[in-house]
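What follows is a single structure, written as structure tokens, with notes after it.
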Amino acid sequence: MAERQEQAAPDAVLTRIGQVVMLHHAGDREEARHRFLGLWAEIGEQGDPLHRCTLAHYLADTQDDPADELAWDLRALTAAEEAREEALAVTAVMAICPSLHLNLADDYLGLGRRDAARTHLRWAREAAAALTDDRYGDGVWAAIARLESRLGEGGSGTWTPPRQRP
């Protein structure tokens, strides 16, 4: 029974990451970056892969230099691949991967690497197929449509909800 309660207990690190995400979304990018880096120092390169993936994914969004943003997104991708091997983290990783690949596509596009951007956009589409029909899934699909338009991927530029996709 105690084991079940332990598994259901909220993850303190993910909660702390979420709090910093709210700070970032409220407009305090510098403070968010500072706090994310502090969490990264605590977690370390060998920390829990789900924590590293989530943290690096959000930390990338606080970077000023596109190359730094790409480096953090690549760290997140590496950690996501490690986390897939852990049964409890698979669902969380499946949910973050479409957004992660979208960020990587955007990073590469910003660096003028259109082929790499297209590759990650394709992977974002593939990963997004597993998302549920909810606000997060709808947002990911809308972001995919916007990036398709920016890359000239031949889409209409209008977004179609996932429930209407073939």
Side-chain angles (χ1 to χ4, degrees), residues 10-84 89 92-128 130-131 134-155 157-159:
D11 185 315
V13 173
L14 292 178
T15 298
R16 289 172 65 200
I17 292 169
Q19 291 168 340
V20 180
V21 168
M22 288 189 291
L23 179 68
H24 180 230
H25 288 170
D28 198 343
R29 188 174 185 205
E30 288 298 320
E31 181 62 22
R33 179 175 35 232
H34 175 73
R35 290 187 189 188
F36 280 144
L37 288 170
L39 283 169
W40 186 262
E42 286 179 36
I43 294 169
E45 291 285 336
Q46 302 305 315
D48 179 275
L50 179 58
H51 294 161
R52 287 185 289 120
C53 174
T54 306
L55 181 54
H57 180 57
Y58 286 113
L59 187 51
D61 292 338
T62 67
Q63 301 305 303
D64 295 325
D65 183 329
D68 292 338
E69 185 174 356
L70 174 61
W72 281 108
D73 278 330
L74 288 171
R75 282 184 187 104
L77 182 61
T78 298
E81 290 167 357
E82 291 175 34
R84 286 180 195 201
V93 169
M94 286 180 62
I96 202 170
C97 276
S99 177
L100 178 55
H101 284 294
L102 273 169
N103 282 9
L104 284 160
D106 189 54
D107 295 342
Y108 282 121
L109 183 58
L111 293 168
R113 297 176 59 188
R114 295 179 75 79
D115 289 340
R118 284 186 179 97
T119 297
H120 281 280
L121 179 58
R122 184 179 72 247
W123 291 342
R125 281 188 216 107
E126 291 170 7
L131 295 177
D134 60 11
R135 188 172 153 188
Y136 174 72
D138 291 350
V140 168
W141 281 108
I144 287 171
R146 287 190 302 271
L147 196 52
E148 286 172 339
S149 179
R150 286 177 54 209
L151 275 167
E153 288 290 296
T158 58
W159 170 70

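Atoms considered below: every heavy atom in the structure, side chains included; atoms not considered: hydrogens, waters and symmetry mates.
For the residue pair Ile43 and Asp48, the shortest heavy atom distance occurs at CG2-N, 4.4 Å. Residues Asp73 and Ala60 share a closest heavy-atom pair of OD1-CB, 3.2 Å. Minimum interatomic distance between Ser99 and Tyr136 (heavy atoms only, all atoms of both residues): CB-OH, 3.5 Å. Contact between Ala67 and Leu111 at its shortest, heavy atoms only, is N-CD2, 4.2 Å. The shortest non-hydrogen separation linking Leu131 to Gly137 is CD1-CA, 3.9 Å.
The structure places CG of Leu121 at 11.0 Å from NE2 of His101, a figure rounded to the nearest 0.5 Å. Summarising the geometry, atom NE2 belonging to His120 is positioned 12.5 Å from atom CG belonging to Leu151; distances are rounded to the nearest 0.5 Å. Phe36 contributes atom CZ, which lies 11.0 Å from atom CD of Glu31 (distance to the nearest 0.5 angstrom). Separation of atoms OG1 (Thr54) and CG (Asp11) is listed at 8.5 Å; rounding is to 0.5 Å. Note that SG of Cys53 is 13.0 Å distant from CZ of Arg75, once rounded to the nearest 0.5 Å. Atom-to-atom distance recorded for Tyr108:OH and Thr119:OG1 is 9.0 Å, nearest 0.5 angstrom.
No side-chain N or O of His24 forms a donor-acceptor pair with one of Thr62 less than 3.5 Å apart.
Leu50 is listed as a side-chain neighbour of Leu14, based on a closest heavy-atom distance under 4.5 Å. Taking the side chain as every heavy atom from C-beta outward, Tyr58 and Val20 never approach each other to under 4.5 Å. With contacts defined as side-chain heavy-atom distances shorter than 4.5 Å, the pair Asp64/Asp68 does not qualify. In this structure, the side chains of Trp123 and Pro98 stay at 4.5 Å or more apart for every pair of heavy atoms.
Partners of Arg150 according to the side chain to side chain donor-acceptor pair (under 3.5 Å) rule, which considers only residues two or more places apart in sequence or in another chain, are Asp106. Shown here are the salt bridge (Lys or Arg N to Asp or Glu O under 4.0 Å) partners of Arg125, two or more places apart in sequence or in another chain: Glu148, Glu153.
Remark: the backbone N or O of Leu74 is paired with a side-chain donor or acceptor of Thr78 at under 3.5 angstrom. A distance-only check finds no donor-acceptor pair linking the side chain of Glu69 to the backbone of Asp65 [under 3.5 Å].
At a threshold of 4.0 Å, the pair Asp107-Arg113 does not count as salt-bridged, since none of the basic side-chain nitrogens sits closer than that to a carboxylate oxygen.
Of the residues Glu45, Glu82, Gln46, the one that meets the side-chain hydrogen bond (donor to acceptor under 3.5 Å, both in side chains) test with Arg52 is Glu82.
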(message) Between Arg35 and Glu30, is the salt bridge (charged side-chain N to carboxylate O under 4.0 Å, His left out) condition met? List the steps.
(response) CA-CA 9 Å; Arg35 290 187 189 188; Glu30 288 298 320; over 6 Å; no
